[in-house]
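As structure tokens, the structure follows; a few thoughts come after it.
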Amino acid sequence: MAFIELTRVVKNYEKGSEVVHVLQDLNLTLHEGDFLALMGPSGSGKSTLLNLIGGIDQPTAGNVSVDGANLGNMSGSQLAKWRSATIGFVFQFYNLLPFLTAERNVELPLLLTNLRGSQRKENALTALRTVSLEDRAKHKPGELSGGQQQRVAIARAIVADPKILVCDEPTGDLDRQSAQEILALLETLNDRFGKTIIMVTHDPLAAEHAKTVLHLDKGVLVESEQAEVSA
Amino acid sequence: MTSVGFVWKNLYRKKTRTFLTFFCLFIAFLLYVALGSIAVVFSIDTVSGELGANRLQTSAKYSMIDDIPKRYVDEISQLDGVELVTHMSWFGGYYQEPSNMLVTFPVNPSTFFRVYPEYEISDEHLSAFIETRRGMVAPLSIVEQYQWNVGDIVPIGSQIYPQKDGNYTWEFELVGYYVPEQEGQTAVLLQYDYFDEANAFGPGSVGWLAIQITDPQLGPEIAQKIDSMYINSSDPVRTATESEANRQFLAQYGNITLMMSGILIAVFFTILLVCANTMAQAFRERIAELGVLKTIGFNDYKLGLWMLSEAILLSVLPAIFGVIIGMGLLVGVGSSGAAAMFLPTPPMSVVFSTAISSLALAGALGVLVGAIPALTTTRMSIVDAMHA
């Protein structure tokens, strides 16, 4: 059964009087435990597709279904609640809050749960341990390297134990070695913890870590490797 | 970490900016409590109140600094409806240094405490005051402040009246003290007879009269009669109820209420802009962060509420400090005779009501400056926020 299913999805943006067609009649099916790399030139619609799957944007037409939930039928508040439980986000520039320590940054998504303070702290430290940064728990983002910050961001993404990780160019701001560490970590999360990962990347070497690679061009899926795709 | 902790940390993320904004607001609310309370005093009859309802005050028609003949006391005492007349003079006194100014009146001890029953004095001290030629009584607060003892000879300097030998320093014997009913009454009372005989300007003059009447309803009629009696004399007078006279005295400062209101409006308009600018900057700086928080799953209303809470904290916290310090200043002014001489001390009820309105104003200010960032936060789409 499809875990993530996009059916005849169209996404247009209005720029003044001009309509920009970002995604055109796109169909995509992914299964639980997949690790998908989305590639393509700038402006091809990769991030838009990621946003639709992550429930932070709505399609102009078509359906987006994730883990049995039809995102098009949800209100803003319902989507927010759904995201907090289902999706972990990893961004290119980490997007950690600079005034909070690593531990506090990781704890943030747990403020949306009913966990007690001590339990939230324990879960945050467990997540940091998973990304091998427990010893940096009390450091603020400015005191960490880029790779370390991205690992904190991954810890934040997994702390609420979501089924899906959505990663928007997670290695785009890192050197090769740090990038390899992050990709290895994502592979571990996919292999050992069964997380479904959708990763946007420009880097073919990064894409090699994925089980499936899709290419987007001008809003259309143009080729695929190993994935069950129809465009 | 809790939601409150998160808002708190956000508030202090730019410490210098937050401190400067806090400081501006602290000063504004300190001014509001201090000036606001004093403005209330200038706009209401808090000086004489109920006790002054049956008292008239007669002074020189053209200026309160002119004296009037002492014989007016006896003449006015003969009028129907007049129960008792006493008199006071402005001595311009100080203790030791001119900076230690005292509200000092030469009075007739026999009549003064009957016209002003709100000044409570023991029979023993009153008798001593009446019988002692150089007698002086002071409010208990002043006696304690300067650590005087009954029986002390106290040198009182005058900035107006020299003695006949040209010496401006007078010596009076402290024969007792009194307890005023209302806080802030700090008048030191001197034996008039001695003052009258010894001052270099000659005898027979007093500053103004306080007239106790039998029925407050008769006040306007008696006042008119007194003024008519002396209208063609060399020393015409103006008579009014005590509350009206006090108002006229305060009016010498100008329209204090209007001036203070003007200052406060200007201050708060500026503060509103400062606060709004701070919150707008804070909002602009964290648009992307708000996008991230929304992405993680924080809903629009929670984030909007956080933003609003931050604005309210930004204005209410310094207001609390400003109100506390402002109240402290007013209490300090009230206990300082010199300061109280120039500024009427507001009663604590007025100070408390001004303090409460200050805090309400601070809350309203917070809502006002936080409303737009909070609304924008709730309406902002994640995609737009992440691209900001």
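In what follows, every chain begins at residue 1, and chains take the letters A, B, ... in the order their sequences are listed. Treat the numbers as computed from the prediction; the structure is a model and nothing was measured.
- Contact annotation for A/R104: both backbone and side-chain heavy atoms come within less than 4.5 Å of a heavy atom of chain B.
- Proximity to chain A (any heavy atom under 4.5 Å) is shown, for B/Y12, by neither the backbone nor the side chain.
- Interface remark: of the candidates A/S84, A/A85, A/A80, A/A80 forms the most heavy-atom pairs closer than 4.5 Å to chain B.
- Contact of A/L100 with chain B is made through the side chain alone, with heavy-atom distances under 4.5 Å.
- With a 4.5 angstrom heavy-atom cutoff, A/N95 touches chain B via backbone and side-chain atoms both.
- Using modelled atom types, one finds a donor on one side chain and an acceptor on the other under 3.5 Å when comparing A/D57 with A/Y13.
- Looking at B/D384 and B/S381, their side chains do bring a donor and an acceptor atom within 3.5 Å of each other.
- Among the candidates A/L96, A/L111, A/L79, the residue making the largest number of heavy-atom pairs closer than 4.5 Å to chain B is A/L111.
- A donor atom on one side chain and an acceptor atom on the other are not found under 3.5 Å apart for A/R120 and A/N123.
- Atom NZ of A/K46 sits about 12.0 Å away from atom CG of A/N51, to the nearest 0.5 Å.
- Looking only at side-chain heavy atoms (C-beta outward), B/E285 and B/K14 come within less than 4.5 Å of each other.
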